[in-house]
2 protein chains.
Amino acid sequence: MRLSNLADYAVVIMCAASRHCGGGRVSAGELAAETGIPAPTVQKVVSKLTGASLMRSVRGAGGGLQLARPAAAISVADIVEAVEGPIALTACIEGPDCAMDHNCSVKPHWPKINNALRGALADISLTSLTRIEEIA
Amino acid sequence: MRLSNLADYAVVIMCAASRHCGGGRVSAGELAAETGIPAPTVQKVVSKLTGASLMRSVRGAGGGLQLARPAAAISVADIVEAVEGPIALTACIEGPDCAMDHNCSVKPHWPKINNALRGALADISLTSLTRIEEIA
DNA sequence: CGCAAATCGGAACGAATCAGTCCAATTTGC
DNA sequence: GCAAATTGGACTGATTCGTTCCGATTTGCG
């Protein structure tokens, strides 16, 4: 019940990138300096984010990163899924690895729980995270 | 965004124990045979469950396990917290390990997300998991 | 009253995933 | 054409998770 540090970093990085979205492209080193995350780690997170088409990357001198979509259209659920894969609490949903399988009475109920969690995370968008005065 | 196998097993074990709750005590080996989980693993999960006062254990010959509370009063959130610790997506909530600390604009919003997730899990009780006909 | 069986509890080992770091490929600007 | 800058992927080390085994405790029976 605790997401990995990579996903945590991804949220912080996306939040920092949303501020520079209007200014165009931002380099990975710039994001590392602003977030305090080690530069190589930022690169790793960014690579996953671009792979999930959440960010757009421009290579070469003067290149950098920028959000692929408006900040309002990106939710925490999207970022978490991009870094940690699909939001599924149990592995038995995808493949039949559980020995019980047919006799497991709990199995049919997991999708309901997964949807509840995903919905809770989908309600949080990047704009709501940048609004620092809306905490209380 | 995926809970550990231990927590998954804990939910299945608690669900299996709830059926034997009326019959009194159940041995760990019995639960292992019904759930298909390796017996030693069941013991480990049970030890954590009893430590969290979710189950009551009786040692000695003829002993066994039983639910400490009615099944309706136990939620998935309780079981997950018992096995995996408090439901907190990020570690920065408890201790100041993040270098940003004061400048992190995302930090104040995590409790809201954590509460949303915990609420989603708290709505699922053991009785709702045993009701197999209420899936759809 | 002593013995034996059965059970829970904790500790140790191995494996897998995760976090962090480094180097190579590519592209733009001069 | 050259050089600088940046992304992308691959490797190493560490932490945590999962599994297994052994010991301590308690009850039932002879």
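Protein chains get the first letters and strands the later ones, always in sequence-line order, with residue 1 at the start of each.
- In this structure the side chain of B:S128 never reaches within 4.5 angstrom of the side chain of A:H109, judged on heavy atoms.
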Distances under 3.5 Å between nitrogen or oxygen atoms of protein and nucleotides 23-29 of chain C:
| from | atom 1 | to | atom 2 | distance (Å) |
| --- | --- | --- | --- | --- |
| C:dA25 | N3 | A:R59 | NH2 | 3.1 |
| C:dT26 | O4' | A:R59 | NH2 | 3.0 |

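- The closest side-chain heavy-atom distance from A:L65 to A:R56 is not below 4.5 Å.
- Counting only heavy atoms from C-beta outward, the side chains of A:E81 and A:R118 approach each other to under 4.5 Å.
- Contact annotation for B:P40: base contact, defined as any heavy-atom pair under 4.0 Å involving a base atom.
- Side chains of B:L117 and B:L121 form no contact here, defined as non-hydrogen atoms less than 4.5 Å apart.
- Atom CD1 in B:I113 sits 5.0 Å away from atom CD1 in A:I124 (nearest 0.5 Å).
- For the OP1/OP2 pair of C:dC8 and a distance below 4.0 Å, the side-chain nitrogens and oxygens of B:T50 include no atom meeting the criterion.
- Inter-residue side-chain proximity for A:V42 and A:Y9 is flagged as unmet; no heavy-atom pair is nearer than 4.5 Å.
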Polar atom pairs (N or O), protein with nucleotides 14-18 of chain D, under 3.5 Å:
| from | atom 1 | to | atom 2 | distance (Å) |
| --- | --- | --- | --- | --- |
| D:dG18 | OP1 | B:N5 | N | 2.4 |

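- Taking 4.0 angstrom as the limit, B:S57 places none of its side-chain polar atoms (N or O) nearer than this to OP1 or OP2 of C:dT7.
- For the atom pair NE2 (A:H20) and CG (A:L67), the distance works out to 10.5 Å, reported to the nearest 0.5 Å.
- Remark: P of D:dT7 and CE of A:M55 are 10 Å apart, rounded to the nearest angstrom.
- Counting to the nearest Å, the C1' atom of C:dC18 and the CD1 atom of A:I37 are 16 Å from each other.
- Per the geometry, CG belonging to A:L31 stands 9 Å off P belonging to D:dT7, to the nearest Å.
- Residue B:D8 contributes atom CG, which lies 11 Å from atom P of D:dT19 at whole-angstrom precision.
- To the nearest angstrom, P of C:dC8 lies 11 Å from CD of B:E30.
- Residue A:G29 is out of contact with every strand shown, counting any heavy-atom pair closer than 4.0 Å.
- When side chains are defined from C-beta on, A:I74 does not count as touching A:T127, because their heavy atoms never get closer than 4.5 Å.
- Using a 4.5 Å heavy-atom cutoff, the side chains of B:M55 and B:M14 are in contact.
- One atom, CZ of A:R56, and another, P of D:dG8, lie 11 Å apart when rounded to the nearest Å.
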